[in-house]
Amino acid sequence: MMSELLDLNLVEASKALKNKEISSLELTKAYLKSISDTSSLGAYLEIVEDKAINMAKESDKKLIDATARPLEGVPIGIKDMFCTKDIKTTASSKILENFIPTYESTVTQNLWNDGAVILGKLSCDEFAMGSSNETAAKGNVINPWLKNKKMSPGGSSGGSAAAVAARSALAATGTDTGGSIRQPAAFCGITGLKPTYGRCSRWGIVAFSSSLDQAGPLTRTVSDAALMLNSMAGYDQKDSTSANLKMPDLMDYLDKGIKGKKIGIPKEYTQDGISEDIVKFYEKSIGWLRDEGAEIIPVSLPHTKYALPAYYIIAPAEASSNLARYDGVRYGARQEASSLDEMYELTRGNGFGDEVKRRIMIGTYVLSSGYYDAYYLKAQKVRRLIKEDFENVYKKVDYILTPSTPTTSFELGKKQDPLTMYLNDIFTVPASLAGLPGISLPVGLDKSGLPIGIQLIANSFDEAGLISTARVLEMSAGFNFIADGAAK
Ligand code: GLN
């Protein structure tokens, strides 16, 4: 029975709950068991068993008296970047190891308002800075694929992706600043959707780079992503960059097809250094979309090569400013000392990990007087050019297809230098800088049996079209492998 329950994806489970074929309590218990069966992956930082059981019971009442809400009774995991009232929220950092928020983030509140059940908080790279989940203060998460090898789940939403792939959460939330939803989704063989900047409220999410941060779902399927995003998205007065634009019901767009749609293939995304198997599946994906009636059009995004350098100035600059609040006074575990300066030094010196310190130093440097114009301002100008590249291309095509990552997952522990790590985001960062919605979905396995992700990028606020197109690709690819390290 347990395995049958775990076999249901979010949309199927939700249907079975509404038809009273299963109860939220039994489903939630199956997931709690699966969390304990897969605990060696290290995906969860905090499990809230009692709360999960209580929420499941509440949901069962609503399911019985037919007042069920869209996500009634489905057990999900939350990335530890989302503040959850009365539940520890650490952003995977030592400096927040004892932080218990007195408020709930808007996105998670939206999910609870729609009936979802919380299982716990999921690990990530510290303050969402990283691409391997290795910067997490409590140690890395293990990818459930190739379980004998200890592969990286990607990052920063590594815990979220690993949990969904390991079937220890029916779905999860993530945040994406430069690829943190799409890259781990690609590494773990699941679907990850980063909405348009402004679609989901940032209120109550631990801030990394405010002009880039965006919440989104990590799920098993495209339909599951649509169902989750329906609940997560929405205008919020408490976030000044929240878009006051109604999103259509994404579930209505699953079967619209792509006949007559134009798909752009950017020539800058097929450079050297990308794995052969990924190229093969990228070409297959182009073929599948063509077979389904799309027109394939070569396009150019000439400023792509400047995206990473611009990102690694803008993101650290904003991070250095956002992280100033962790000073042991306003936020952060204070280290006592004999003077104020020493207290700051000890608190921040002990509380932050190496990668976070590196970003704070880069950020402070590029914002300092004398360097501001040379670096920060220049990077902002490049960002505009990158956005204009996309605007020009969207005059000719509806969607852009790219690989999600240059390689599949890599082995943990083989310390990569920061630059190699930064290169992992080469295909996801441009859409982040332009604020565009993107989705990564699994289309196949490479020679060693690791999942390959392909990315679709849509124009601003066209999540509906992104879902229709992704769904076509998903059906053609027919990816139905389950990780060997997943709960059975
Ligand atoms: N890997 C990228 C970084 O380290 C992106 C992280 C993210 O999207 N949060 O900044």
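As the structure is a prediction and not an experimental result, all values here were calculated from the model. Residues: numbered from 1 along the sequence shown. When a ligand or atom number is given, it counts from 1 through the structure's own listing order.
By the side chain to side chain contact (heavy atoms under 4.5 Å, CB included) test, I100 pairs with K88, sequence neighbours left out. Considering only residues two or more places apart in sequence or on other chains, S152 meets the side chain to side chain donor-acceptor pair (under 3.5 Å) condition with none of them.
Taking CD1 from I265 and CD1 from I286, the interatomic distance works out to 4.0 Å, rounded to the nearest 0.5 Å.
Listed by chain and residue number, the protein contacts of ligand 1 are A128, M129, G130, S131, S156, D176, T177, G178, G179, S180, F208, Y311, Y312, R359, D425 (heavy atom within 4.0 angstrom).
Ring pair Y375/Y365 is tilted by interplanar angle, where 30° to 60° counts as tilted.
Side-chain contact, R182 with Q455: a donor N or O sits under 3.5 Å from an acceptor N or O.
Each side-chain hydrogen bond (donor to acceptor under 3.5 Å, both in side chains) pair with one or both residues in residues 89-102, not counting sequence neighbours, appears once here: D80-T90, T84-T89, T89-K121, S93-E126.
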